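Residue numbers start at 1 and run along the sequence shown. Every value quoted in this text rests on a predicted model; they were computed, and no experiment measured them.
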Amino acid sequence: MSDWVFDGGRPCLDLVNTFRDRALGGRELLTGPAALADWFVAAGLLTTRPRVTAAQLAAALDLRTAVDDVLLGHRPSVAGVRLVNQVAQAVPLPVPQLRSNEGGRLRVVAARKDVPSVLTLLAVDAIELAATETTVRECAADDCGLRFADTSPKGNRQWCSMARCGNRMKARAHYARRQQPR
């Protein structure tokens, strides 16, 4: 699917970003089990497309909501924290493996090829991110809403992607300045 984006900086945030256009009311990209299977492969979490059940899709959507609550919320809900912890402990964590894509970018891949193992890997990733000093931010573009891990040196990153939202917002600001009378 061309709408997949992987600018979150962490696999758990890339999962959160499968719900798009939050500022405009939201748009669901995980519309069915097949879409989740496709996302697992596109995200580089699995190398082959798994069979995903409706119950597993529901579990992934619940995890996505909980991860967003835990990582972006100023006061995470008890239910969100509980769910992330439950999913992290649901199956023994598969020994993760590193894989490199064509561009040389490293991704963590589940060694086992089943959906529960990938969900566990995503929950553990969320826990590890929550335990760091890294700030999770929402893109500053007024029509975006993607989440990302701000690992910039000064901790002041504003956009999910400079190539997408950053350039667009800077172009809008430039155009607005040019339209003002002197």
Step-by-step side chain to side chain contact (heavy atoms under 4.5 Å, CB included) determination, Val67 to Leu63: CA-CA 6 Å; Val67 167; Leu63 176 62; 3.8 Å; yes
Supply the atom-to-atom distance Asp125 CG to Leu13 CG, rounded to the nearest 0.5 angstrom. 7.5 Å
The reported gap from CZ in Arg147 to CZ in Arg137 (rounded to nearest 0.5 angstrom) is 13.0 Å
Side chains of Arg20 and Leu146: closer than 4.5 Å at any heavy-atom pair? yes
Closest non-hydrogen atom pair, Ala60 against Leu36: CB-CD2, 3.7 Å
Might you point out which heavy atoms bring Asp14 and Gly8 nearest each other, and give the distance in Å? OD1-N, 3.0 Å
Starting from the C-alpha separation in whole Å, work towards a yes-or-no answer on side-chain hydrogen bond (donor to acceptor under 3.5 Å, both in side chains) for Asp68 and Thr65. CA-CA 5 Å; Asp68 193 37; Thr65 300; over 6 Å; no
Beyond-backbone contact of Pro116 with Gln56, side-chain heavy atoms, under 4.5 angstrom: yes
Look up atom CZ in Arg10 and atom OG1 in Thr132, then write down how far apart they are to the nearest 0.5 Å. 6.5 Å
With a 4.5 Å cut-off on side-chain heavy atoms, are Val136 and Asp150 touching? no
Check Arg49 with Asp38, please: is the shortest side-chain N to carboxylate O separation under 4.0 Å? yes
Quick one: do Arg27 and Asp21 satisfy salt bridge (charged side-chain N to carboxylate O under 4.0 Å, His left out)? Show the steps, please. CA-CA 6 Å; Arg27 181 169 50 105; Asp21 304 326; 2.7 Å; yes
Taking all heavy atoms of Thr120 and all of Ala88, pick out the closest pair and write down the distance. CG2-O, 3.3 Å
I'd like to know whether Asp69 forms a side-chain hydrogen bond (donor to acceptor under 3.5 Å, both in side chains) with Ser77, so could you lay out the CA-CA distance, the side-chain angles of the two residues, the decisive distance to 0.1 Å, and finally the verdict. CA-CA 7 Å; Asp69 172 60; Ser77 70; 2.7 Å; yes
To the closest 0.5 Å, what do you measure between OG1 (Thr134) and CZ (Phe148)? 12.0 Å
Taking all non-hydrogen atoms of both residues into account, name the closest pair between Phe40 and Pro50 and its distance. CD1-CG, 3.8 Å
Distance-minimising heavy-atom pair for Cys12 and Leu71: SG-CD1, 3.8 Å
So Leu46 and Val118, side chain to side chain contact (heavy atoms under 4.5 Å, CB included) or not? Walk me through it. CA-CA 8 Å; Leu46 292 174; Val118 176; 3.6 Å; yes
Pair Thr18-Trp39, side chain to side chain contact (heavy atoms under 4.5 Å, CB included): steps then yes or no: CA-CA 9 Å; Thr18 60; Trp39 183 81; 3.5 Å; yes
For Pro11, which of Leu129, Leu45, Val16 qualifies under side-chain contact (heavy atoms from CB on, under 4.5 Å)? Leu45
Nearest heavy-atom neighbours spanning Val52 and Ala37: CG2-CB, 3.7 Å
Below 4.5 Å, heavy atoms only, C-beta onward: do Arg64 and Phe19 meet side chain to side chain? yes
Apply side chain to side chain contact (heavy atoms under 4.5 Å, CB included) to Val115 and Arg51, showing your working. CA-CA 8 Å; Val115 175; Arg51 182 181 171 281; over 6 Å; no
Nearest-0.5 Å distance, CG of residue Leu30 to CG of residue Leu15: 6.5 Å
Return the CG to SG distance between Asp7 and Cys144, rounded to the nearest 0.5 Å. 8.5 Å
